[in-house]
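Working notes for the structure below.
Starting from 1, each residue takes its place in the sequence as its number. The shown structure was predicted, so the numbers you read here are calculated from the model rather than taken from an experiment.
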Amino acid sequence: MATWVTGRIEENIHWTDELFSLRVRAPVEPYTAGQFTQLGLEIDGEIIGRPYSYVSAPQDALLEFCLVTVPEGPLTNRLVAMHPGDSLLVRPKPAGFFVLKEVPEGSDLWLLATGTAIGPFISILRTAEPWQRFENIVLAHAVRHAAELTYTDSIAALSRSHPGQLHYQPFVTRENHPGALRQRIPAALRDRSIERQLGLQLDAGHSQVMLCGNPGMVKDSCTVLGERGLQRNRRRAPGQVTTENYW
Ligand code: NAP
């Protein structure tokens, strides 16, 4: 199997100047929602590749990825400027274990993300499994500014398809935004404002939590959840908190 295959950009969705999603056609191997691959470009005779989670679901014809430009980043600053018809490299083999089959049973699933790390959760929610396994699904998305609240149309459509099952909670930390909490996720777990806002209780007995994004958010949330009796989920010692650091 080739290490890289060539993909064709079908769409470049610009959410803000720095935040964008690429829809790509490429002959990759089957993947599971929550997994990632690498996108790359040949720059000055060398392939520069970085990992990106699939936002698309395994059954989708196009592959989708959500990216943010990294200051001075050679790859993202080229990718943000790409247009339909342009080519990029994609690793055909998926990677990663941040998938629902690694998450033990529970009645409620809490998906907590910052920034572009909402991507793997959108992929998971585009499959049938979470809706069949969990009574309530919380999707919390923390961003600095309201314009960075990506995928709200997709989330609204998922809510309509699964009435009463999805509980979406935006967090906007650097400006006021209607319906959003203005605090960080670990703080909202600590003071339970997210539970009050949603009318749902988070506890070790019936909740499973997936954390994805800023490593500081993941670490601090694990600490707060640990104090509440929710343990890290490991293959040899199943728990309630499954994590993925995004960088
Ligand atoms: P971010 O700094 O991760 O902010 C997103 C949200 O997370 C904000 O609500 C922020 O709150 C919160 N947050 C930040 N640090 C936290 C912590 N320690 N604990 C809990 N919550 C925390 O920013 P972003 O806008 O998604 O991305 C910013 C930069 O991160 C990008 O420009 C890029 O350079 C880098 N990044 C790199 C990669 C990569 O793969 N290398 C991927 C994603 C992002 P506050 O407003 O309170 O800070």
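- Leu149 and Leu19 fall within the same hydrophobic cluster, defined by Ile, Leu, Val, Met, Phe, Trp and Tyr side-chain heavy atoms under 4.5 Å apart, directly or through other members.
- Residue pairs that meet the side chain to side chain donor-acceptor pair (under 3.5 Å) test with at least one member in residues 30-51, sequence neighbours left out, are Tyr31-Ser56.
- Ion pairing of Glu129 with Lys101 is absent here, as no side-chain N (NZ or NE/NH1/NH2) approaches a carboxylate O to less than 4.0 Å.
- The side-chain heavy atoms of Val80 and His14, taken from C-beta on, include a pair separated by under 4.5 Å.
- Within the structure, side chain to side chain donor-acceptor pair (under 3.5 Å) pairs that include any residue of residues 76-88 do not occur (at least two apart or interchain).
- You'll find the side chain of Val209 reaches within 4.5 Å of the side chain of Leu225, heavy atoms only.
- Phe171 is not connected to Tyr168 by any chain of hydrophobic side-chain contacts under 4.5 Å among Ile, Leu, Val, Met, Phe, Trp and Tyr, and they are in different clusters.
- Taking the charged nitrogens against the carboxylate oxygens, Glu195 and Arg190 have no contact shorter than 4.0 Å, which rules out a salt bridge.
- Side-chain heavy atoms closer than 4.5 Å link hydrophobic residues (I, L, V, M, F, W, Y) into clusters, and following such links, even through other members, never connects Trp247 to Leu22.
- With Gln165 contributing its side chain and Trp131 its backbone, the two residues share a donor-acceptor pair below 3.5 Å.
- Side-chain atoms of Gln240 never come within 3.5 Å of backbone atoms of Pro104 as a donor-acceptor pair (strictly under, hydrogens ignored).
- Here the side chains of Met210 and Trp110 are not in contact, with every heavy-atom distance at 4.5 Å or above.
- Val28 and Trp4 fall into different hydrophobic clusters, defined by Ile, Leu, Val, Met, Phe, Trp and Tyr side-chain heavy atoms under 4.5 Å apart, directly or through other members.
- Within the 4.5 Å cutoff, the side chain of Leu63 has no heavy atoms near those of the Arg25 side chain.
- In this structure the side chain of Leu41 never reaches within 4.5 angstrom of the side chain of Leu89, judged on heavy atoms.
- No chain of hydrophobic side-chain contacts below 4.5 Å, direct or via other Ile, Leu, Val, Met, Phe, Trp or Tyr residues, connects Val68 to Leu39.
- Applying the ring pair (Phe, Tyr, Trp, His ring centres under 6.0 Å) criterion to Phe65, with sequence neighbours excluded, gives Tyr54.
- The side chain to side chain donor-acceptor pair (under 3.5 Å) pairs that include a residue from residues 60-72 are Arg23-Glu64, Glu64-Tyr151, where partners are two or more places apart or lie in different chains.
- Ring geometry, Phe98 versus Phe121: the interplanar angle falls from 30° to 60°, so the pair is classed tilted.
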Margin query: side chain to side chain contact (heavy atoms under 4.5 Å, CB included), that's the test. Do Leu79 and Phe20 meet it? Break it down for me.
Written below: CA-CA 9 Å; Leu79 291 175; Phe20 61 109; 4.0 Å; yes
Next item on the list: Start with the C-alpha distance between Met217 and Arg184, add both sets of side-chain angles, then the distance that settles side chain to side chain contact (heavy atoms under 4.5 Å, CB included), and finish with yes or no.
Entry: CA-CA 8 Å; Met217 181 280 284; Arg184 288 179 165 188; over 6 Å; no
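- A donor-acceptor distance shorter than 3.5 angstrom exists from the side chain of Asn233 to the backbone of Gly239, with no hydrogens or angles considered.
- In this structure the side chain of Leu100 reaches within 4.5 angstrom of the side chain of Pro130, judged on heavy atoms.
- Contact check for Arg228 versus Leu202: side-chain heavy atoms found under the 4.5 Å cut-off.
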Notebook entry, point to check: For Leu211 and Thr242, what are the C-alpha separation, side-chain angles and deciding distance, and is it a side chain to side chain contact (heavy atoms under 4.5 Å, CB included)?
Noted result: CA-CA 6 Å; Leu211 296 169; Thr242 306; over 6 Å; no
Mind listing the side-chain donor-acceptor pairs of residues 134-146 below 3.5 Å, one per line with the distance, residues two or more places apart or on another chain?
from   : atom 1 : to     : atom 2 : distance (Å)
Asn136 : OD1    : His167 : NE2    : 2.9
Asn136 : ND2    : Asp108 : OD1    : 3.1
His141 : NE2    : Gly115 : O      : 2.8

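- Applying the side chain to side chain donor-acceptor pair (under 3.5 Å) test to pairs two or more places apart or on separate chains, those with a residue in residues 201-211 are Asp203-His206.
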Notebook entry, point to check: Under the side chain to side chain contact (heavy atoms under 4.5 Å, CB included) criterion, do Ile118 and Ile155 qualify, and how do the steps go?
Noted result: CA-CA 11 Å; Ile118 192 173; Ile155 294 163; 4.0 Å; yes
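- Looking only at side-chain heavy atoms (C-beta outward), Leu62 and Val24 stay at 4.5 Å or farther from each other.
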